[in-house]
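Below is one structure, written out as structure tokens; comments come after it.
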Amino acid sequence: MNEVKINGLKLEICSNSIFSAKQAEAGGASRIELCQNLENGGTTPSYGQIKLTRDSLNIGVHVLIRPRTGDFLYNDDEFNEIRQDIIYCKEAGCDGIVIGILNADGSVDKERMKILVTEAKPMCVVFHRAFDRCKDPMQALEDIIELGCDRILTSGQQNTAWEGRDLLKKLVQQAGDRIEIMPGSGVDATNVTAILNYTGAKSIHSSAKVIEKSKMEFKIDSVNGMDEDEIYSSQAKVEEIVAQIKSL
């Protein structure tokens, strides 16, 4: 699908629903990363969500494939689940998948990642923020390039991309034209230009999210956690980020 550049750069919006994905497209995003459970770092969206989002959007759709929250050390059942989700994304016409598997020592699990990359092609393959849990980021970068991945989503091994800007800059320089380094985490209209200018990255990742109170009028106070606030991507916030990128 079409991934329109904004002033020569690309903006990816992490969207946790079909509604969020539509907001991202309307706001001018280049592509989306589709997920569920964004409040806990994101997990694989449902088949229905994947299909309806792909059918509804004209921009790129990349799907987060993460079977659970927590670490990135997966057992055989979880690995097979990842494989099946990748196969479905390919059948559904998605543009890319976002994955990452580590070994217990903090290195990239190259053996199993190679299987996933091979099965995913010709879709774009992005190594997600499991990278931010790697013991040696520069070696991990070389391993991921060797695997044939197309992009790395990372915060520079800090809580936010701005805090990790020094490592991000080093990664961009070491990667050169071999792989795309995409900063993400804590990116919004107030810092997007500073991050892009400092790191030299050519694409950037944001959720552009807002939090809205539940619209339920009837509530039962004795039961917690079922009238939670709703998180979604905001067209207005996407437009604000786009405007900042255009100002570069």
Side-chain angles (χ1 to χ4, degrees), residues 3-14 24 29-35 41-42 59-66 72 95-102 106-110 113-114 116-117 120-121 123-189 191-208 241-242 244-245 248:
E3 292 190 2
V4 177
K5 288 186 176 181
I6 307 161
N7 203 11
L9 306 170
K10 290 186 178 181
L11 171 64
E12 178 177 280
I13 298 297
C14 181
S30 304
R31 60 176 175 256
I32 66 155
E33 179 201 53
L34 185 65
C35 72
I59 60 174
V61 174
H62 292 214
V63 180
L64 175 65
I65 308 295
R66 186 182 179 205
F72 305 100
D95 303 281
I97 48 101
V98 186
I99 55 176
I101 304 180
L102 303 182
S107 62
V108 175
D109 186 340
K110 293 196 291 183
M113 277 295 302
K114 187 61 178 178
L116 300 182
V117 172
K121 292 297 184 178
M123 292 189 296
C124 176
V125 179
V126 183
F127 196 96
H128 59 43
R129 290 190 62 205
F131 183 89
D132 293 321
R133 293 293 189 177
C134 287
K135 183 178 181 180
D136 183 340
M138 296 312 185
Q139 182 59 53
L141 170 61
E142 295 302 324
D143 291 341
I144 294 166
I145 291 172
E146 180 185 333
L147 286 166
C149 294
D150 302 286
R151 185 181 304 123
I152 298 174
L153 169 61
T154 171
S155 63
Q157 297 200 326
Q158 298 294 324
N159 287 324
T160 68
W162 179 246
E163 291 172 313
R165 63 191 180 277
D166 288 328
L167 178 56
L168 287 167
K169 184 175 183 179
K170 291 177 183 177
L171 291 167
V172 169
Q173 292 172 343
Q174 181 170 322
D177 295 329
R178 296 180 298 162
I179 195 170
E180 183 180 278
I181 304 297
M182 180 171 62
S185 184
V187 176
D188 59 27
N191 60 22
V192 63
T193 57
I195 294 170
L196 288 168
N197 281 329
Y198 191 89
T199 64
K202 299 301 182 184
S203 67
I204 197 155
H205 173 100
S206 173
S207 62
I241 297 172
V242 169
Q244 290 299 310
I245 295 174
L248 286 169

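Leu116 is not listed as a side-chain neighbour of Ile97, based on a closest heavy-atom distance of 4.5 Å or more. When side chains are defined from C-beta on, Leu196 counts as touching Leu248, because their heavy atoms get closer than 4.5 Å. Within the 4.5 Å cutoff, the side chain of Ile241 has heavy atoms near those of the Ser206 side chain. Contact of the Val125 side chain with the Ile99 side chain is registered, since non-hydrogen atoms from C-beta on lie closer than 4.5 Å. By the 4.5 Å heavy-atom criterion applied to side chains, Arg31 and His62 are counted as neighbours. Using a 4.5 Å heavy-atom cutoff, the side chains of Lys202 and Ile181 are not in contact. Counting heavy atoms from C-beta on, the side chains of Ile13 and Ser207 never come closer than 4.5 Å. At least one side-chain heavy atom of Ile245 sits under 4.5 Å from a side-chain heavy atom of Val192.
The distance from atom CE of Met182 to atom CG of Leu11, rounded to the nearest 0.5 Å, is 10.0 Å. Atom CD of residue Gln158 and atom OG of residue Ser185 lie 10.0 Å apart, to the nearest 0.5 angstrom. For the atom pair SG (Cys134) and CG (Leu102), the distance works out to 5.0 Å, reported to the nearest 0.5 Å. With rounding to the nearest 0.5 Å, the separation of CD in Glu33 from CZ in Arg151 is 10.0 Å. Residue Thr154 holds its OG1 atom at 6.5 Å from CG of Leu167, rounded to the nearest 0.5 Å. Annotation: the span from Cys14 atom SG to Ile32 atom CD1 amounts to 9.0 Å, rounded to 0.5 Å.
No donor-acceptor distance shorter than 3.5 angstrom exists from the side chain of Thr193 to the backbone of Gln244, with no hydrogens or angles considered. With hydrogens and angles ignored, the 3.5 Å screen pairs a side-chain donor or acceptor of Asn191 with a backbone N or O of Asp188. Side-chain atoms of Arg66 come within 3.5 Å of backbone N or O of Gly41 as a donor-acceptor pair.
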Should Ser203 and Glu180 be marked as a side chain to side chain donor-acceptor pair (under 3.5 Å) after you check the CA-CA gap, both sets of side-chain angles, and the distance that decides it?
CA-CA 8 Å; Ser203 67; Glu180 183 180 278; 2.7 Å; yes
Before giving the answer on side chain to side chain donor-acceptor pair (under 3.5 Å), spell out for Glu163 and Thr160 the whole-Å C-alpha distance, their side-chain angles and the decisive distance to 0.1 Å.
CA-CA 5 Å; Glu163 291 172 313; Thr160 68; 3.1 Å; yes
Let's go through Lys121 and Asp150 carefully: what are the C-alpha distance in whole Å and the side-chain angles of both, what is the deciding distance for salt bridge (charged side-chain N to carboxylate O under 4.0 Å, His left out) to 0.1 Å, and is it a yes or a no?
CA-CA 11 Å; Lys121 292 297 184 178; Asp150 302 286; 2.8 Å; yes
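A salt bridge (Lys or Arg N to Asp or Glu O under 4.0 Å) check over residues 125-137, counting only residues at least two apart or in different chains, returns the pairs Arg129-Asp132. Applying the ring-ring contact (aromatic ring centres under 6.0 Å, His included) test to every pair with at least one member in residues 128-149, sequence neighbours left out, gives these pairs: Phe72-His128.
Checked options Val126, Leu141, Ile145; the residue passing with Ile152 is Leu141 (criterion: side-chain contact (heavy atoms from CB on, under 4.5 Å)).
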Output a table of donor-acceptor pairs, distance under 3.5 Å, between side-chain atoms of residues 168-175 and any protein atom two or more places apart or on a different chain; print 'none' if there are none.
from, atom 1, to, atom 2, distance (Å)
Gln174, NE2, Met138, O, 3.4
Gln174, NE2, Glu142, OE2, 2.8

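In this structure, Cys35 and Leu64 approach most closely via the heavy-atom pair CB-CD2, 3.7 Å.
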